Amino acid sequence: MFAEQMNEVVFHVDVNSAYLAWEAVDRLQHGSPVDLRNLTAVIGGDEASRHGIVLAKSGPAKKYGILTGETLYAARQRCPGLIVIPPRYHLYMQCSSALIDILRQYSPVVQQYSIDEAFISCYLPAKDPQEGVKTAHRLKEQVKQELGFTVNVGIGPNKLLAKMASEFEKPDKVHTLFHHEMSDKMWPLPIDELFFVGRATARKLRGYGIYTIGALAALDPALVHAWLKKPGLLIWQYANGKDYSQVTEQGPPIKSIGNSNTIAFDVTDRDTAHQILLALTETAAMRLRAIDQCTRVVAVAIRSHELFTYRHQRKVQTPLDSTSLIWHQACQLFDESWKGEPIRHLGVHLSELCGNDFYQLSIFDQHNEKLSRLDQTIDLLRSRFGNSSVFRGCFAHSPIRPLMGGVLQEQEEEYPMMSSQL
DNA sequence: TCTGGGGTCCTAGGACCC
DNA sequence: TCTGGGGTCCTAGGACCC
């Protein structure tokens with residue numbers, strides 16, 4: 001039965017206007033007479049707490065030129081009467097996970113790339129190139145029937161081309177992009193539509209007279225390397241359809257953990273800043289312990305009222321996973337770097353992670369051992385009775401939430417984080 | 001009350017060592 | 001004496017992704 005030659009192809013599945021579509025479907029299921037996807041609507045953060053940006057837009061909203069990531073203020077300028085819906089991340093994670101369940105029916109190897117994107121690898125008869133397209137249509141229709149939202153499916157010989165293909169005409173479409181199709185389908189496209197060519201790189205390339213993906217593909221790679229260093233070689237390979245990364249079930253291991261938050265008011269005093277750093281550290285350290293890791297580098301990020309962002313980091317002597325010890329470092333870093341201006345946003349970031357085995361053995365340090373037990377107990381209580389079941393006394397009469405940064409809170413560990421690598 | 005939050009990777013430049 | 005020079009570690013900052 002294995003006599004027939006089989007080919008591996010990659011599908012990239014991308015939910016159309018994910019947050020907005022999921023919100024629309026949920027509302028229809030709960031008896032709403034209107035479909036948000038047909039209105040000028042966006043999913044947007046809360047402006048009162050200074051989170052007012054567009055997270056997702058409907059087709060009609062897109063026609064007004066509304067962009068993901070722009071301020072709701074700017075979006076309303078483009079489209080007066082715009083409907084703004086607050087996000088519900090728990091709902092989106094449920095929808096995401098339901099999608100992944102369907103994808104598993106099509107392939108044993110499903111790689112979730114973000115909350116609304118996944119790669120799957122399929123083995124299909126080499127003789128019939130149309131087989132992949134038929135399968136993709138079946139998949140897309142099944143998602144629409146069972147879950148109520150539409151997806152684009154890109155089919156290619158590797159992840160890069162599959163992903164480029166899923167970006168073609170939207171919504172609810174299947175596209176292929178094989179090597180022999182690059183000259184027709186990909187090379188005429190403007191340079192900034194290539195994966196990994198962002199604003200800065202596109203501007204530089206245009207400065208050198210390179211306007212299309214095809215023009216980049218035709219260059220001498222040594223020249224692109226001279227212009228753009230290592231990322232230059234990467235995008236030159238992408239422009240030529242070269243990508244050797246594999247579809248892997250779990251994706252790359254976690255290399256850093258960060259929590260940051262734009263605060264509803266400007267922070268002007270050290271004590272409040274320290275308290276917010278504690279709330280941020282609590283969730284970051286819990287996530288760190290949940291994956292049995294310690295951190296070697298602690299960083300604090302500060303964004304001023306004027307939107308100037310800077311960060312300060314330090315490598316610590318002993319790897320840490322204790323909330324108190326990480327917080328202590330964060331406060332020191334803050335005190336060393338804060339220039340005294342009003343603060344809009346604070347972040348705590350942990351990197352250079354390492355296993356906690358060594359750390360667990362070094363229990364000669366009584367102080368660390370006590371802190372570690374305390375953290376473990378608190379983590380257990382929070383997992384059993386909810387994150388709000390235990391919080392530090394200093395938050396008792398404070399307007400600051402005792403755990404900050406994790407909008408996803410209870411369930412976040414169950415979901416893979418986004419990654420910029422294929 | 002105009003500009004989120006989660007990541008990864010790369011590079012420049014300074015400190016330090018031999 | 002007219003300030004070599006390679007390697008490593010570290011921090012800051014910028015690019016990209018969703």
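A note on names: the letters A, B, ... follow the listed sequences, proteins ahead of strands, and every chain is numbered from 1. Everything numeric in this text was worked out from a predicted model, so none of it was measured. These values consider heavy atoms only, across backbone and side chains, with no hydrogens, waters or symmetry-generated copies.
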Do the side-chain N or O atoms of [X] get closer than 4.0 angstrom to the phosphate oxygens (OP1, OP2) of [N]?
{"X": "K229(A)", "N": "dC9(B)", "result": "no"}
{"X": "K163(A)", "N": "dC17(C)", "result": "no"}
{"X": "T262(A)", "N": "dG5(B)", "result": "yes"}
{"X": "S260(A)", "N": "dG4(B)", "result": "no"}
{"X": "H51(A)", "N": "dG5(B)", "result": "yes"}

NA contact type, [X], heavy-atom cut-off 4.0 Å: base, sugar-phosphate, or nothing?
{"X": "E117(A)", "value": "sugar-phosphate"}
{"X": "R296(A)", "value": "nothing"}
{"X": "G45(A)", "value": "nothing"}
{"X": "T201(A)", "value": "sugar-phosphate"}
{"X": "R344(A)", "value": "sugar-phosphate"}

Rounded distance in Å - [atom1] ([X]) to [atom2] ([N]):
{"X": "R311(A)", "N": "dA15(C)", "atom1": "CZ", "atom2": "C1'", "answer": "14 Å"}
{"X": "I53(A)", "N": "dT1(B)", "atom1": "CD1", "atom2": "C1'", "answer": "15 Å"}
{"X": "F196(A)", "N": "dC9(B)", "atom1": "CZ", "atom2": "C1'", "answer": "7 Å"}
{"X": "L228(A)", "N": "dA15(C)", "atom1": "CG", "atom2": "P", "answer": "12 Å"}
{"X": "Y73(A)", "N": "dT1(B)", "atom1": "OH", "atom2": "P", "answer": "14 Å"}
{"X": "W227(A)", "N": "dT11(B)", "atom1": "CH2", "atom2": "P", "answer": "18 Å"}
{"X": "Y238(A)", "N": "dA15(C)", "atom1": "OH", "atom2": "C1'", "answer": "14 Å"}
{"X": "H345(A)", "N": "dT3(B)", "atom1": "NE2", "atom2": "P", "answer": "13 Å"}

Nearest 0.5 angstrom please: C331(A) SG to Q329(A) CD, how far?
10.0 Å

Enter the distance from W338(A):CH2 to L333(A):CG here, rounded to the nearest 0.5 Å.
15.5 Å

Quick one: does any side-chain atom of N152(A) pair with a main-chain N or O of D172(A) as donor and acceptor, under 3.5 Å?
yes

Once you apply the 3.5 Å cut-off to both distances, tell me the Watson-Crick or G-U wobble partner of dT8(B), or none.
dA15(C)

Charged N to carboxylate O below 4.0 Å: is that the case for D243(A) and K163(A)?
no

Heavy-atom nearest nucleotide on DNA chain B for P231(A) versus L307(A): which residue maps closer to 5'?
L307(A)

Nearest-nucleotide check on DNA chain B, I257(A) vs K230(A); residue mapping nearer the 5' end is I257(A)

Cation over ring, K339(A) on F308(A), under 6.0 Å and within 45°?
no

